[in-house]
Amino acid sequence: MDLKGRTIFISGASRGIGLAIALRAARDGANVALIAKTAEPHPKLEGTVYTAAKAIEEAGGQALPIVGDIRDEAQVEAAVAQTVERFGGIDICVNNASAINLSSIDELDMKRYDLMQDINVRGTFAVSKACAPHLRKGVNPHVLTLSPPISLEKKWLAPHTAYTIAKYGMTLVALGLAEELREDGVASNALWPRTLVATAAVQNLLGGDEAMRRARTPDVYADAAYHVLTQPSREYTGQELLCEDVLVSAGVTDLSAYAHAGADAELAVDLFVDQANPPALG
């Protein structure tokens, strides 16, 4: 199974992981509708929704760039309607858009708390809700949410309780949708990396060049997402998946090619992954 002719609606795909997932699908000839806020170049962030669309088409797909804010229900519904009008339906929904702030309770103001809740949890729910009627009519339909496995171990809460709540909220949406849509044959899974991934967020917020040297490329996420999205939707659902585990299960025996700084780089384990249990780091 591949993604040729399938239609993907993805949030926040103007750069980084979201764009990598879109490009991987485009290589099969998929249709990709992407909604993102970045219409003009940003001094610290590469790419816009329009440059992403151009890259998708150059990779072999069809693209529909939509400037919009997933916090706004009307904008989400309008974007989904545009997608259906252009491509005739929606087969896959990818919830990639996310806000990150690792501040502690003393440092984080409520405006930024609300921003993470609105984008991460509410946005994921709103995009999934708008896509759901079309997914029910789609071909091998999937919802894929980029969020971590849930653990109530105390070490995952401090010092970024607000961010943890927001990311776990995305995973709860993914797991809830798996049950709500199971009888309709729509899969819903959460996917997260074992290690840091080389993105603008890692560069600007999580450690700069040193963190980037210890990260994997976004392709590790894209290839894992591709494997998930090509599985039978009635069977492969309701899971909290890790990218590297997905790739290993798909037969990838050497993950060194995904290291951003080369095969010999020492990789850093992600925030929400147990450092005492690091299979698939090599």
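Numbering of residues begins at 1 and proceeds along the displayed sequence. Computed from a prediction, not measured in an experiment: that's the story for all the values here.
Here the OG atom belonging to Ser98 is positioned 8.5 Å from the CG atom belonging to Leu146, to the nearest 0.5 angstrom. To the nearest 0.5 Å, atoms NZ (Lys37) and CD1 (Ile66) are separated by 16.0 Å. From Ile21, atom CD1 reaches atom CG of Leu229 across 7.5 Å, with rounding to the nearest 0.5 Å. Between Leu115 atom CG and Arg71 atom CZ the span is 5.5 Å, to the nearest 0.5 Å. Atom CG in Leu19 sits 8.0 Å away from atom OG in Ser14 (nearest 0.5 Å). Atom CG of Leu157 sits about 11.5 Å away from atom CD1 of Ile105, to the nearest 0.5 Å.
A donor-acceptor contact closer than 3.5 angstrom links the side chains of Asn140 and Ser233. Side-chain atoms of Tyr163 and Asn120 include no donor-acceptor pair closer than 3.5 Å. Under the 3.5 Å distance criterion, with hydrogens and angles disregarded, a donor-acceptor pair is assigned to the side chains of Asp209 and Gln203. No side-chain donor from either of Thr7 and Arg86 sits under 3.5 Å from a side-chain acceptor of the other. Side-chain atoms of Asn95 and Ser128 form a donor-acceptor pair, as typed in the model, at a separation below 3.5 Å. Between the side chains of Tyr226 and Asp28, at least one donor N or O lies within less than 3.5 Å of an accepting N or O.
The minimum heavy-atom distance linking Ala79 with Ile35 is given by the pair CB-CD1, 3.9 Å. Heavy-atom minimum distance, Ala178 versus Thr237: CB-OG1, 3.5 Å. Taking all atoms of both residues into account, the shortest heavy-atom contact from Leu23 to Ala59 is CD2-CB, 4.1 Å. When all heavy atoms of Asn189 and Gln239 are compared, the closest pair comes out as OD1-N, 2.9 Å. Taking each heavy atom of Ala13 and Asn96 in turn, the nearest pair found is N-ND2, 4.1 Å. Nearest heavy-atom pair across Ala166 and Val121 is O-CG2, 3.4 Å.
At a threshold of 4.5 Å between non-hydrogen side-chain atoms, the residues Ile100 and Met116 do not count as touching. The side-chain heavy atoms of Thr161 and Leu108, taken from C-beta on, include no pair separated by under 4.5 Å. Between Val173 and Thr145 the shortest side-chain heavy-atom distance does not fall below 4.5 Å. The closest side-chain heavy-atom distance from Ser151 to Tyr168 is below 4.5 Å. Side-chain contact between Phe9 and Val80: present, with at least one pair of heavy atoms (C-beta onward) separated by less than 4.5 Å.
Between Tyr221 and Trp192, the ring planes lie perpendicular to each other; the angle is over 60°, past the 30° to 60° tilted range.
Salt bridge annotation for Arg24-Asp219: absent, with no cationic side-chain nitrogen under 4.0 angstrom from a carboxylate oxygen. Ion pairing between Arg194 and Glu244 fails under the 4.0 Å rule for side-chain N and carboxylate O.
Counting only residues at least two apart or on different chains, the salt bridge (charged side-chain N to carboxylate O under 4.0 Å, His left out) pairs with a member in residues 99-124 are Asp109-Arg112. For the salt bridge (charged side-chain N to carboxylate O under 4.0 Å, His left out) condition, no pair includes a residue of residues 52-62, sequence neighbours left out.
In the displayed structure, Glu179 atom CD is contacted under 6.0 Å by more than 12 heavy atoms of other residues, nucleotides or ligands. By the 6.0 Å contact criterion, CG on Leu102 is enclosed, its count of non-hydrogen atoms from other residues, nucleotides or ligands being greater than 12.
When each of Arg214, Arg216, Arg213 is paired with Glu266, the salt bridge (charged side-chain N to carboxylate O under 4.0 Å, His left out) condition holds for Arg214 and for no other.
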